[in-house]
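Computed from a predicted model, the values in this text were never measured in an experiment. Every heavy atom of this structure was used, including side-chain atoms; hydrogens, water molecules and symmetry mates were not. Residue numbers count from 1 along this sequence.
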Amino acid sequence: MIKTLIGIRLRALFSALGGKGKDGKSQTQSGGKLALMICLYAFVALMFVIFSFSVAIVMAPVMISSGLDALYFSLFMIAGFTVVFLFSIFETKSELFECRDNELLLAMPIRPHEIVLARVITVMIYNYAEFAVVFLPATAVYLFCGGSALGGIGAIFVILLLPLLATSLASAVGFLVAKIAKRIKNNSFITTLISLVFLAAYFFGYSSLMDGLDEFLDRIAESGVGEGSPFLLFLGGAAVMEPLPFFVLLVLCLGGSALAYFLISRSYFRIVTDTGSAKRVKYREKKVKEGSPFTAMVKKELLRYTSSATYMLNSGIGLLFELGISIYFAAHMESVRTMLGEMLPDADVGAFLPVAGILVLTFFSTCTFISGCSLSLEGKAFPLLRSLPIPTETVLFAKVMPHMIITLPFTAITATLFAITTHAAWYYVIFLFLTPTAANLFCALFGMVMNVAFPKFDYVNEAQVIKQSTAMFICTFGQMIFAVLIAIPVVLLTVASKGLLAVGLVTALLLALAAVMYIILVGPSARRYEKL
(Lines give C-alpha, C1' and ligand atoms only; values in the text may rest on other atoms or scores of the structure.)
Protein backbone atom coordinates (compact mmCIF):
# COMPACT_ATOMS: atom_id res chain seq x y z
CA MET A 1 0.00 0.00 0.00
CA ILE A 2 2.82 2.39 0.85
CA LYS A 3 4.41 1.77 -2.53
CA THR A 4 1.09 2.52 -4.24
CA LEU A 5 0.62 5.76 -2.28
CA ILE A 6 4.15 6.90 -3.12
CA GLY A 7 3.50 6.22 -6.80
CA ILE A 8 0.29 8.26 -6.69
CA ARG A 9 2.04 11.18 -4.98
CA LEU A 10 4.93 11.16 -7.46
CA ARG A 11 2.56 11.14 -10.42
CA ALA A 12 0.61 14.01 -8.86
CA LEU A 13 3.76 16.03 -8.24
CA PHE A 14 5.04 15.34 -11.74
CA SER A 15 1.71 16.38 -13.27
CA ALA A 16 1.93 19.63 -11.27
CA LEU A 17 4.36 20.85 -13.92
CA GLY A 18 1.36 21.36 -16.19
CA GLY A 19 -2.40 21.24 -16.22
CA LYS A 20 -4.75 19.26 -18.40
CA GLY A 21 -5.34 19.92 -22.01
CA LYS A 22 -8.61 19.55 -23.90
CA ASP A 23 -8.06 15.80 -24.21
CA GLY A 24 -7.79 15.49 -20.44
CA LYS A 25 -4.14 14.46 -20.57
CA SER A 26 -1.45 16.12 -18.60
CA GLN A 27 0.27 18.94 -20.40
CA THR A 28 3.61 17.44 -19.40
CA GLN A 29 2.92 14.69 -21.94
CA SER A 30 3.73 17.22 -24.62
CA GLY A 31 7.33 16.59 -25.62
CA GLY A 32 8.15 20.28 -26.05
CA LYS A 33 6.78 21.38 -22.68
CA LEU A 34 8.33 18.44 -20.88
CA ALA A 35 11.71 19.18 -22.48
CA LEU A 36 11.37 22.84 -21.48
CA MET A 37 10.70 21.97 -17.85
CA ILE A 38 13.55 19.45 -17.75
CA CYS A 39 15.89 22.12 -19.12
CA LEU A 40 14.70 24.68 -16.56
CA TYR A 41 15.12 22.32 -13.62
CA ALA A 42 18.49 21.21 -14.96
CA PHE A 43 19.56 24.85 -15.23
CA VAL A 44 18.63 25.54 -11.59
CA ALA A 45 20.43 22.39 -10.44
CA LEU A 46 23.46 23.41 -12.50
CA MET A 47 23.52 26.81 -10.79
CA PHE A 48 23.67 25.12 -7.37
CA VAL A 49 26.40 22.77 -8.60
CA ILE A 50 28.48 25.63 -10.02
CA PHE A 51 28.12 27.67 -6.83
CA SER A 52 29.10 24.73 -4.62
CA PHE A 53 32.01 23.81 -6.90
CA SER A 54 33.33 27.39 -7.09
CA VAL A 55 33.35 27.70 -3.29
CA ALA A 56 34.84 24.25 -2.77
CA ILE A 57 37.70 24.70 -5.26
CA VAL A 58 38.87 27.74 -3.30
CA MET A 59 38.47 26.28 0.20
CA ALA A 60 39.54 22.66 -0.28
CA PRO A 61 43.31 23.09 -0.94
CA VAL A 62 43.75 25.45 2.01
CA MET A 63 41.72 23.45 4.51
CA ILE A 64 43.05 20.04 3.50
CA SER A 65 46.65 21.26 3.78
CA SER A 66 45.83 22.73 7.22
CA GLY A 67 44.27 19.48 8.41
CA LEU A 68 40.80 21.03 8.59
CA ASP A 69 38.97 18.36 6.62
CA ALA A 70 36.19 18.21 9.22
CA LEU A 71 35.66 21.97 9.06
CA TYR A 72 35.50 21.83 5.27
CA PHE A 73 32.74 19.23 5.30
CA SER A 74 30.84 20.95 8.11
CA LEU A 75 30.43 24.11 6.01
CA PHE A 76 28.84 22.21 3.14
CA MET A 77 26.76 20.12 5.51
CA ILE A 78 25.28 23.32 6.90
CA ALA A 79 24.76 24.75 3.42
CA GLY A 80 23.03 21.60 2.18
CA PHE A 81 20.92 21.32 5.31
CA THR A 82 19.85 24.95 4.89
CA VAL A 83 18.74 24.40 1.30
CA VAL A 84 16.76 21.27 2.16
CA PHE A 85 15.16 22.74 5.28
CA LEU A 86 14.06 25.99 3.66
CA PHE A 87 12.79 24.29 0.50
CA SER A 88 10.75 21.71 2.43
CA ILE A 89 9.53 23.56 5.52
CA PHE A 90 6.33 24.70 3.79
CA GLU A 91 6.15 21.72 1.44
CA THR A 92 5.83 19.25 4.31
CA LYS A 93 2.98 21.20 5.91
CA SER A 94 1.02 21.31 2.66
CA GLU A 95 1.86 17.75 1.66
CA LEU A 96 1.05 16.21 5.02
CA PHE A 97 -1.88 18.19 6.36
CA GLU A 98 -3.46 20.22 3.55
CA CYS A 99 -3.94 17.75 0.66
CA ARG A 100 -7.51 17.71 -0.60
CA ASP A 101 -7.60 13.90 -0.62
CA ASN A 102 -6.69 13.49 3.07
CA GLU A 103 -10.21 12.70 4.26
CA LEU A 104 -10.82 10.41 1.28
CA LEU A 105 -7.73 8.35 2.12
CA LEU A 106 -8.62 8.22 5.82
CA ALA A 107 -12.08 6.91 4.91
CA MET A 108 -10.42 3.98 3.13
CA PRO A 109 -8.88 0.95 4.91
CA ILE A 110 -5.49 2.67 5.01
CA ARG A 111 -3.73 3.28 8.30
CA PRO A 112 -2.67 6.89 9.03
CA HIS A 113 0.97 5.95 9.49
CA GLU A 114 1.03 4.55 5.94
CA ILE A 115 -0.28 7.85 4.55
CA VAL A 116 2.26 9.82 6.57
CA LEU A 117 5.17 7.59 5.54
CA ALA A 118 4.24 7.72 1.84
CA ARG A 119 4.03 11.50 1.81
CA VAL A 120 7.20 12.04 3.81
CA ILE A 121 9.11 9.71 1.47
CA THR A 122 7.77 11.70 -1.50
CA VAL A 123 9.12 14.93 -0.02
CA MET A 124 12.41 13.25 0.82
CA ILE A 125 13.01 12.27 -2.81
CA TYR A 126 13.15 15.97 -3.65
CA ASN A 127 15.22 16.69 -0.55
CA TYR A 128 17.87 14.14 -1.45
CA ALA A 129 18.21 15.70 -4.90
CA GLU A 130 18.52 19.20 -3.40
CA PHE A 131 21.15 18.09 -0.88
CA ALA A 132 23.13 16.19 -3.52
CA VAL A 133 23.56 19.21 -5.83
CA VAL A 134 25.17 21.10 -2.94
CA PHE A 135 27.20 18.37 -1.24
CA LEU A 136 28.32 16.09 -4.08
CA PRO A 137 30.40 18.78 -5.90
CA ALA A 138 32.15 19.61 -2.63
CA THR A 139 32.92 15.92 -2.08
CA ALA A 140 34.27 15.54 -5.61
CA VAL A 141 36.54 18.58 -5.17
CA TYR A 142 37.72 17.23 -1.81
CA LEU A 143 38.80 13.92 -3.35
CA PHE A 144 40.34 15.66 -6.37
CA CYS A 145 42.47 17.88 -4.10
CA GLY A 146 43.95 14.92 -2.26
CA GLY A 147 41.42 14.36 0.49
CA SER A 148 41.33 11.02 2.29
CA ALA A 149 39.27 8.12 0.99
CA LEU A 150 37.74 7.87 4.45
CA GLY A 151 36.32 11.35 3.92
CA GLY A 152 34.73 10.22 0.67
CA ILE A 153 33.08 7.25 2.39
CA GLY A 154 31.86 9.46 5.23
CA ALA A 155 30.44 11.94 2.72
CA ILE A 156 28.25 9.18 1.29
CA PHE A 157 26.82 8.48 4.74
CA VAL A 158 26.23 12.22 5.25
CA ILE A 159 24.28 12.39 1.98
CA LEU A 160 22.13 9.48 3.15
CA LEU A 161 21.58 10.72 6.71
CA LEU A 162 21.44 14.52 6.85
CA PRO A 163 18.38 14.99 4.57
CA LEU A 164 16.52 12.72 7.00
CA LEU A 165 17.15 15.18 9.82
CA ALA A 166 16.26 18.21 7.70
CA THR A 167 13.00 16.60 6.55
CA SER A 168 12.16 15.58 10.13
CA LEU A 169 12.66 19.11 11.45
CA ALA A 170 10.66 20.59 8.57
CA SER A 171 7.87 18.06 9.22
CA ALA A 172 7.93 18.90 12.93
CA VAL A 173 7.55 22.60 12.15
CA GLY A 174 4.66 21.84 9.78
CA PHE A 175 3.10 19.61 12.45
CA LEU A 176 3.27 22.31 15.13
CA VAL A 177 1.97 25.03 12.82
CA ALA A 178 -0.93 22.85 11.61
CA LYS A 179 -1.84 21.87 15.17
CA ILE A 180 -1.82 25.45 16.44
CA ALA A 181 -3.62 26.82 13.39
CA LYS A 182 -6.56 24.46 13.93
CA ARG A 183 -7.25 26.13 17.29
CA ILE A 184 -6.96 29.77 16.32
CA LYS A 185 -9.27 32.06 14.42
CA ASN A 186 -7.76 33.65 11.28
CA ASN A 187 -5.24 30.82 11.26
CA SER A 188 -3.71 31.84 7.93
CA PHE A 189 -2.14 34.91 9.54
CA ILE A 190 -1.14 32.93 12.61
CA THR A 191 0.38 30.22 10.44
CA THR A 192 2.28 32.85 8.48
CA LEU A 193 3.50 34.53 11.66
CA ILE A 194 4.63 31.26 13.24
CA SER A 195 6.44 30.23 10.07
CA LEU A 196 8.18 33.60 9.89
CA VAL A 197 9.27 33.28 13.54
CA PHE A 198 10.81 29.88 12.78
CA LEU A 199 12.54 31.31 9.72
CA ALA A 200 13.80 34.34 11.63
CA ALA A 201 15.17 32.15 14.42
CA TYR A 202 16.84 29.87 11.90
CA PHE A 203 18.39 32.75 9.95
CA PHE A 204 19.60 34.37 13.19
CA GLY A 205 21.27 31.14 14.31
CA TYR A 206 22.79 30.55 10.89
CA SER A 207 24.02 34.15 10.67
CA SER A 208 25.63 33.92 14.11
CA LEU A 209 27.35 30.70 13.10
CA MET A 210 28.67 32.22 9.87
CA ASP A 211 29.93 35.31 11.74
CA GLY A 212 31.93 33.03 14.01
CA LEU A 213 33.25 31.19 10.99
CA ASP A 214 34.34 34.43 9.32
CA GLU A 215 36.33 35.38 12.41
CA PHE A 216 37.93 31.95 12.44
CA LEU A 217 38.94 32.15 8.77
CA ASP A 218 40.38 35.61 9.38
CA ARG A 219 42.56 34.18 12.14
CA ILE A 220 43.76 31.44 9.80
CA ALA A 221 44.62 34.04 7.15
CA GLU A 222 46.64 36.02 9.70
CA SER A 223 48.46 33.20 11.48
CA GLY A 224 48.30 30.33 8.98
CA VAL A 225 46.94 27.95 11.61
CA GLY A 226 43.68 27.50 13.39
CA GLU A 227 41.99 25.11 15.80
CA GLY A 228 38.48 25.61 14.45
CA SER A 229 35.12 25.95 16.15
CA PRO A 230 34.47 22.88 18.36
CA PHE A 231 30.91 22.60 17.08
CA LEU A 232 31.90 22.81 13.41
CA LEU A 233 34.76 20.38 13.86
CA PHE A 234 32.52 17.94 15.70
CA LEU A 235 29.82 18.25 13.03
CA GLY A 236 32.27 17.72 10.19
CA GLY A 237 33.90 14.87 12.06
CA ALA A 238 31.00 12.66 11.02
CA ALA A 239 31.99 13.16 7.38
CA VAL A 240 35.55 11.95 8.01
CA MET A 241 34.26 8.93 9.96
CA GLU A 242 35.34 9.98 13.45
CA PRO A 243 33.54 7.47 15.71
CA LEU A 244 31.79 9.76 18.21
CA PRO A 245 30.58 12.48 15.76
CA PHE A 246 29.43 9.81 13.30
CA PHE A 247 27.51 7.96 16.03
CA VAL A 248 25.88 11.18 17.23
CA LEU A 249 24.86 12.11 13.67
CA LEU A 250 23.47 8.61 13.13
CA VAL A 251 21.41 8.76 16.32
CA LEU A 252 20.16 12.28 15.63
CA CYS A 253 19.10 11.54 12.06
CA LEU A 254 17.56 8.12 12.59
CA GLY A 255 16.19 8.84 16.07
CA GLY A 256 14.85 12.26 15.09
CA SER A 257 13.18 10.82 12.00
CA ALA A 258 11.58 8.00 14.01
CA LEU A 259 10.36 10.40 16.70
CA ALA A 260 8.87 12.86 14.19
CA TYR A 261 7.20 10.01 12.30
CA PHE A 262 5.74 8.56 15.53
CA LEU A 263 4.33 11.88 16.78
CA ILE A 264 2.83 12.91 13.45
CA SER A 265 1.31 9.46 12.82
CA ARG A 266 -0.40 9.42 16.21
CA SER A 267 -1.90 12.89 15.75
CA TYR A 268 -2.46 12.78 11.99
CA PHE A 269 -6.09 11.65 12.01
CA ARG A 270 -7.06 14.20 14.66
CA ILE A 271 -5.37 17.14 12.94
CA VAL A 272 -6.67 16.37 9.45
CA THR A 273 -10.28 15.79 10.53
CA ASP A 274 -10.43 18.52 13.18
CA THR A 275 -12.45 21.47 11.89
CA GLY A 276 -11.70 23.62 14.91
CA SER A 277 -14.11 25.07 17.40
CA ALA A 278 -17.11 26.95 16.08
CA LYS A 279 -18.34 30.05 17.89
CA ARG A 280 -21.81 31.48 17.74
CA VAL A 281 -21.77 34.86 16.02
CA LYS A 282 -24.50 37.40 16.59
CA TYR A 283 -26.03 38.67 13.36
CA ARG A 284 -25.69 42.38 12.69
CA GLU A 285 -27.50 43.99 9.85
CA LYS A 286 -25.25 45.93 7.48
CA LYS A 287 -25.85 47.89 4.33
CA VAL A 288 -24.20 46.47 1.25
CA LYS A 289 -23.21 48.87 -1.48
CA GLU A 290 -23.54 47.85 -5.08
CA GLY A 291 -20.19 47.45 -6.80
CA SER A 292 -18.81 46.56 -10.19
CA PRO A 293 -17.88 42.98 -11.16
CA PHE A 294 -14.24 44.08 -11.34
CA THR A 295 -14.29 45.37 -7.74
CA ALA A 296 -16.01 42.22 -6.50
CA MET A 297 -13.44 39.99 -8.19
CA VAL A 298 -10.52 42.00 -6.85
CA LYS A 299 -11.92 41.66 -3.32
CA LYS A 300 -12.31 37.92 -3.86
CA GLU A 301 -8.69 37.61 -4.99
CA LEU A 302 -7.43 39.59 -2.00
CA LEU A 303 -9.50 37.43 0.34
CA ARG A 304 -8.05 34.27 -1.21
CA TYR A 305 -4.52 35.62 -0.80
CA THR A 306 -4.96 36.56 2.86
CA SER A 307 -6.72 33.29 3.71
CA SER A 308 -3.84 31.05 2.56
CA ALA A 309 -0.59 30.99 4.52
CA THR A 310 1.08 28.94 1.78
CA TYR A 311 0.09 31.53 -0.83
CA MET A 312 1.29 34.48 1.25
CA LEU A 313 4.60 32.94 2.30
CA ASN A 314 5.71 31.55 -1.03
CA SER A 315 4.52 34.27 -3.40
CA GLY A 316 5.09 37.30 -1.16
CA ILE A 317 8.24 36.48 0.81
CA GLY A 318 10.17 38.94 -1.36
CA LEU A 319 8.14 41.79 0.16
CA LEU A 320 9.36 40.90 3.65
CA PHE A 321 12.97 40.72 2.48
CA GLU A 322 12.49 44.06 0.73
CA LEU A 323 11.28 45.65 3.96
CA GLY A 324 13.98 43.92 6.02
CA ILE A 325 16.86 45.00 3.76
CA SER A 326 15.66 48.61 3.75
CA ILE A 327 15.57 48.64 7.55
CA TYR A 328 19.03 47.07 7.62
CA PHE A 329 20.36 49.77 5.27
CA ALA A 330 18.85 52.45 7.50
CA ALA A 331 20.41 50.99 10.66
CA HIS A 332 23.85 50.17 9.18
CA MET A 333 24.38 52.84 6.56
CA GLU A 334 27.98 53.53 7.56
CA SER A 335 28.87 49.84 7.30
CA VAL A 336 27.22 49.71 3.89
CA ARG A 337 29.22 52.74 2.75
CA THR A 338 32.45 51.12 3.90
CA MET A 339 31.61 47.83 2.19
CA LEU A 340 30.72 49.53 -1.11
CA GLY A 341 33.89 51.59 -0.91
CA GLU A 342 35.96 48.41 -0.64
CA MET A 343 34.07 46.64 -3.42
CA LEU A 344 34.06 49.61 -5.82
CA PRO A 345 37.15 51.69 -5.05
CA ASP A 346 36.83 53.70 -8.27
CA ALA A 347 33.17 54.63 -7.77
CA ASP A 348 31.62 57.61 -6.01
CA VAL A 349 29.97 55.81 -3.08
CA GLY A 350 27.65 58.72 -2.33
CA ALA A 351 26.27 58.64 -5.88
CA PHE A 352 26.18 54.85 -5.97
CA LEU A 353 24.08 54.40 -2.79
CA PRO A 354 20.76 55.55 -4.35
CA VAL A 355 21.43 53.35 -7.38
CA ALA A 356 22.14 50.42 -5.06
CA GLY A 357 18.82 51.10 -3.33
CA ILE A 358 17.00 51.11 -6.67
CA LEU A 359 18.64 47.81 -7.66
CA VAL A 360 17.79 46.20 -4.33
CA LEU A 361 14.12 47.25 -4.48
CA THR A 362 13.86 46.20 -8.12
CA PHE A 363 15.36 42.78 -7.38
CA PHE A 364 12.97 42.06 -4.51
CA SER A 365 10.08 43.31 -6.62
CA THR A 366 10.92 40.51 -9.05
CA CYS A 367 10.85 38.06 -6.12
CA THR A 368 7.10 38.52 -5.75
CA PHE A 369 4.89 36.13 -7.73
CA ILE A 370 1.31 36.77 -6.59
CA SER A 371 -0.31 36.76 -10.03
CA GLY A 372 1.62 33.74 -11.30
CA CYS A 373 -0.80 31.23 -9.77
CA SER A 374 -4.00 33.23 -9.19
CA LEU A 375 -5.83 31.69 -12.16
CA SER A 376 -4.75 28.13 -11.33
CA LEU A 377 -5.99 28.50 -7.76
CA GLU A 378 -9.55 28.60 -9.10
CA GLY A 379 -9.18 24.83 -9.33
CA LYS A 380 -12.47 23.01 -9.81
CA ALA A 381 -14.33 26.33 -9.57
CA PHE A 382 -12.87 27.52 -12.87
CA PRO A 383 -15.87 26.32 -14.98
CA LEU A 384 -18.09 28.44 -12.73
CA LEU A 385 -15.86 31.47 -13.32
CA ARG A 386 -15.96 30.90 -17.08
CA SER A 387 -19.75 30.71 -17.03
CA LEU A 388 -20.15 34.16 -15.48
CA PRO A 389 -21.22 36.95 -17.88
CA ILE A 390 -18.03 38.91 -17.24
CA PRO A 391 -15.66 40.08 -20.01
CA THR A 392 -12.39 38.18 -20.25
CA GLU A 393 -10.31 41.32 -19.75
CA THR A 394 -12.18 42.06 -16.52
CA VAL A 395 -11.36 38.62 -15.13
CA LEU A 396 -7.68 38.76 -16.10
CA PHE A 397 -7.04 42.29 -14.81
CA ALA A 398 -8.95 41.53 -11.61
CA LYS A 399 -6.32 38.85 -11.00
CA VAL A 400 -3.48 41.22 -11.88
CA MET A 401 -4.68 44.05 -9.63
CA PRO A 402 -4.09 42.34 -6.22
CA HIS A 403 -0.41 41.99 -7.12
CA MET A 404 -0.17 45.77 -7.43
CA ILE A 405 -2.38 46.51 -4.41
CA ILE A 406 -0.22 44.33 -2.16
CA THR A 407 3.20 45.35 -3.49
CA LEU A 408 2.77 49.14 -3.83
CA PRO A 409 2.57 49.92 -0.06
CA PHE A 410 5.81 47.98 0.51
CA THR A 411 7.45 49.83 -2.38
CA ALA A 412 6.35 53.20 -0.98
CA ILE A 413 7.66 52.43 2.54
CA THR A 414 10.99 50.97 1.44
CA ALA A 415 11.61 53.67 -1.19
CA THR A 416 10.99 56.34 1.44
CA LEU A 417 13.48 54.68 3.82
CA PHE A 418 16.13 54.46 1.10
CA ALA A 419 15.53 58.07 0.04
CA ILE A 420 16.04 59.30 3.60
CA THR A 421 19.02 57.13 4.56
CA THR A 422 20.96 57.60 1.30
CA HIS A 423 20.28 61.37 1.11
CA ALA A 424 19.36 60.83 -2.53
CA ALA A 425 18.98 63.72 -4.95
CA TRP A 426 15.44 64.48 -6.08
CA TYR A 427 15.83 62.74 -9.43
CA TYR A 428 17.02 59.55 -7.75
CA VAL A 429 14.07 59.78 -5.34
CA ILE A 430 11.74 59.68 -8.34
CA PHE A 431 13.40 56.51 -9.61
CA LEU A 432 13.37 54.95 -6.13
CA PHE A 433 9.59 54.96 -6.42
CA LEU A 434 9.19 54.58 -10.18
CA THR A 435 11.61 51.75 -11.03
CA PRO A 436 10.34 49.18 -8.46
CA THR A 437 6.76 50.12 -9.39
CA ALA A 438 7.55 49.43 -13.04
CA ALA A 439 9.10 46.10 -12.00
CA ASN A 440 5.98 45.21 -10.01
CA LEU A 441 3.76 46.06 -12.97
CA PHE A 442 5.85 43.95 -15.33
CA CYS A 443 5.88 40.99 -12.90
CA ALA A 444 2.12 41.23 -12.32
CA LEU A 445 1.37 41.12 -16.05
CA PHE A 446 4.08 38.54 -16.79
CA GLY A 447 2.75 36.25 -14.07
CA MET A 448 -0.77 36.42 -15.47
CA VAL A 449 0.44 35.73 -19.02
CA MET A 450 2.39 32.68 -17.81
CA ASN A 451 -0.52 31.39 -15.74
CA VAL A 452 -2.88 31.59 -18.71
CA ALA A 453 -0.28 29.81 -20.85
CA PHE A 454 0.32 27.06 -18.25
CA PRO A 455 -2.79 26.68 -16.06
CA LYS A 456 -3.02 23.94 -13.45
CA PHE A 457 -6.56 23.28 -12.16
CA ASP A 458 -6.37 19.61 -11.12
CA TYR A 459 -4.15 20.04 -8.06
CA VAL A 460 -4.34 18.06 -4.83
CA ASN A 461 -3.08 20.84 -2.59
CA GLU A 462 -2.27 24.50 -3.10
CA ALA A 463 1.46 23.91 -2.76
CA GLN A 464 1.47 22.07 -6.10
CA VAL A 465 0.26 25.22 -7.84
CA ILE A 466 2.13 27.78 -5.77
CA LYS A 467 5.51 26.01 -5.64
CA GLN A 468 5.68 23.40 -8.39
CA SER A 469 3.57 24.52 -11.35
CA THR A 470 5.14 25.46 -14.66
CA ALA A 471 3.87 29.04 -14.51
CA MET A 472 5.30 29.71 -11.05
CA PHE A 473 8.59 28.02 -11.91
CA ILE A 474 9.06 30.27 -14.94
CA CYS A 475 8.03 33.37 -12.98
CA THR A 476 10.27 32.59 -10.03
CA PHE A 477 13.51 31.94 -11.85
CA GLY A 478 12.79 33.98 -14.98
CA GLN A 479 12.12 37.19 -13.07
CA MET A 480 15.05 36.78 -10.69
CA ILE A 481 17.54 35.96 -13.46
CA PHE A 482 16.24 38.96 -15.42
CA ALA A 483 16.80 41.24 -12.40
CA VAL A 484 20.38 40.01 -12.02
CA LEU A 485 21.11 40.51 -15.73
CA ILE A 486 19.89 44.11 -15.77
CA ALA A 487 21.83 44.88 -12.58
CA ILE A 488 25.21 44.16 -14.18
CA PRO A 489 25.17 47.01 -16.77
CA VAL A 490 23.65 49.36 -14.18
CA VAL A 491 26.62 48.80 -11.84
CA LEU A 492 29.10 49.25 -14.68
CA LEU A 493 27.48 52.47 -15.85
CA THR A 494 27.27 53.79 -12.28
CA VAL A 495 30.98 53.16 -11.75
CA ALA A 496 31.52 55.18 -14.93
CA SER A 497 29.55 58.07 -13.35
CA LYS A 498 26.46 57.39 -15.49
CA GLY A 499 24.17 56.08 -12.78
CA LEU A 500 21.22 58.31 -13.68
CA LEU A 501 21.37 57.15 -17.29
CA ALA A 502 21.52 53.51 -16.14
CA VAL A 503 18.43 53.64 -13.91
CA GLY A 504 16.60 55.63 -16.55
CA LEU A 505 17.28 52.95 -19.15
CA VAL A 506 16.24 50.17 -16.77
CA THR A 507 13.01 51.96 -15.92
CA ALA A 508 12.24 52.49 -19.61
CA LEU A 509 12.99 48.82 -20.30
CA LEU A 510 10.67 47.67 -17.52
CA LEU A 511 7.85 49.92 -18.71
CA ALA A 512 8.34 48.73 -22.29
CA LEU A 513 8.24 45.09 -21.19
CA ALA A 514 5.12 45.81 -19.14
CA ALA A 515 3.50 47.30 -22.26
CA VAL A 516 4.43 44.18 -24.23
CA MET A 517 2.92 41.96 -21.51
CA TYR A 518 -0.26 44.08 -21.57
CA ILE A 519 -0.60 43.62 -25.34
CA ILE A 520 -0.07 39.87 -24.98
CA LEU A 521 -2.55 39.66 -22.09
CA VAL A 522 -5.41 41.40 -23.92
CA GLY A 523 -4.59 39.58 -27.16
CA PRO A 524 -3.22 36.01 -27.29
CA SER A 525 -3.70 35.35 -23.56
CA ALA A 526 -7.33 36.51 -23.63
CA ARG A 527 -8.06 34.26 -26.61
CA ARG A 528 -6.38 31.29 -24.92
CA TYR A 529 -8.35 31.93 -21.73
CA GLU A 530 -11.61 31.76 -23.67
CA LYS A 531 -10.60 28.33 -24.99
CA LEU A 532 -9.72 26.83 -21.60
Side-chain angles (χ1 to χ4, degrees), residues 17-22 27-28 30 32-37 39-40 43 293-294 297-298 301 305 315-316 318 362-363 365-378 382 385-386 388 390-408 411 434-457 465-466 468-486 505-532:
L17 297 177
K20 285 186 177 181
K22 293 180 181 179
Q27 288 182 355
T28 55
S30 168
K33 292 178 180 177
L34 180 57
L36 172 63
M37 293 310 301
C39 290
L40 288 173
F43 174 77
F294 179 78
M297 292 197 67
V298 171
E301 293 298 323
Y305 182 77
S315 65
T362 301
F363 175 78
S365 295
T366 62
C367 296
T368 306
F369 324 104
I370 297 171
S371 64
C373 59
S374 58
L375 180 63
S376 295
L377 287 174
E378 293 291 338
F382 178 72
L385 177 64
R386 286 286 291 113
L388 295 176
I390 301 175
T392 298
E393 289 78 7
T394 300
V395 175
L396 296 179
F397 284 110
K399 291 183 174 296
V400 169
M401 187 56 66
H403 189 113
M404 300 302 297
I405 293 174
I406 294 166
T407 56
L408 286 179
T411 298
L434 181 58
T435 308
T437 301
N440 285 324
L441 180 60
F442 163 67
C443 293
L445 294 169
F446 179 71
M448 196 69 251
V449 168
M450 290 297 104
N451 201 185
V452 174
F454 303 99
K456 169 66 180 172
F457 301 120
V465 174
I466 297 169
Q468 299 163 352
S469 64
T470 302
M472 284 296 284
F473 187 87
I474 294 174
C475 289
T476 301
F477 292 101
Q479 291 173 191
M480 293 172 65
I481 292 171
F482 171 74
V484 172
L485 291 177
I486 64 175
L505 290 175
V506 167
T507 306
L509 175 62
L510 289 169
L511 291 174
L513 290 174
V516 172
M517 290 299 109
Y518 173 83
I519 294 171
I520 295 174
L521 187 62
V522 298
S525 294
R527 291 192 292 271
R528 174 170 172 74
Y529 172 84
E530 292 168 356
K531 295 178 182 179
L532 291 176

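Counting only heavy atoms from C-beta outward, the side chains of V522 and F397 approach each other to under 4.5 Å.
L445 approaches A514 most closely through the heavy-atom pair CD1-O, 3.3 Å. Here the shortest heavy-atom pairing between A398 and M297 reads CB-CB, 3.6 Å. What you find for G447 and S371 is that their closest heavy atoms are CA-OG, 3.5 Å. Nearest heavy-atom pair, M404 versus A444, reported as atom, atom and distance to 0.1 Å: SD-CB, 4.1 Å. Annotation for V452 and R528: closest pair O-NE, 2.8 Å, computed over non-hydrogen atoms. Taking both residues in full, the closest heavy atoms of V465 and C373 are given as CG1-CB, 3.6 Å, listed atom of the first, atom of the second, then distance.
Atom CG in L510 sits 5.0 Å away from atom CD1 in I486 (nearest 0.5 Å). Atoms CZ and CG, on F446 and L513 in that order, are 10.0 Å from each other to the nearest 0.5 Å. The CZ atom of R386 lies 6.5 Å from the CD atom of E530; values are rounded to the nearest 0.5 Å. L434 CG to T507 OG1: the interatomic distance, rounded to the nearest 0.5 Å, is 5.0 Å. To the nearest 0.5 Å, atom OH of residue Y305 and atom CG of residue L377 are 11.5 Å apart. Of the inter-residue distances, the one linking E301 atom CD with I405 atom CD1 reads 10.5 Å to the nearest 0.5 angstrom.
In terms of modelled atom types and a separation under 3.5 Å, the side chain of K399 and the main chain of S374 share a donor-acceptor contact. With S315 contributing its side chain and I370 its backbone, the two residues share no donor-acceptor pair below 3.5 Å. Judged by distance alone, with hydrogens and angles left aside, the side-chain atoms of N451 form a donor-acceptor pair with the main-chain N or O of S376 at under 3.5 Å.
Contacts of A508 classified as side-chain contact (heavy atoms from CB on, under 4.5 Å), with partners at least two apart in sequence or in another chain: none. Qualifying side chain to side chain donor-acceptor pair (under 3.5 Å) partners for T476, counting only residues two or more places apart in sequence or in other chains: none.
Ring centroid separation for the pair F473 and F454 does not come in under the 6.0 Å cut-off.
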### Task
Decide side-chain contact (heavy atoms from CB on, under 4.5 Å) for L509 and F442; before the verdict, give the C-alpha distance in whole Å, the side-chain angles of both, and the deciding distance to 0.1 Å.
CA-CA 10 Å; L509 175 62; F442 163 67; over 6 Å; no
### Task
Step by step, work out the side-chain contact (heavy atoms from CB on, under 4.5 Å) result for V484 and F363.
CA-CA 7 Å; V484 172; F363 175 78; 4.1 Å; yes
### Task
Please lay out, stage by stage, how L375 and F382 fare under the test side-chain contact (heavy atoms from CB on, under 4.5 Å).
CA-CA 8 Å; L375 180 63; F382 178 72; 3.8 Å; yes
#### Entry: Full working for side-chain contact (heavy atoms from CB on, under 4.5 Å) between I406 and T368
CA-CA 10 Å; I406 294 166; T368 306; over 6 Å; no
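No option in C443, S365, C367 other than C443 meets the side-chain contact (heavy atoms from CB on, under 4.5 Å) test with Q479.
Within 6.0 Å of OH in Y518 there are 12 or fewer heavy atoms belonging to other residues, nucleotides or ligands.
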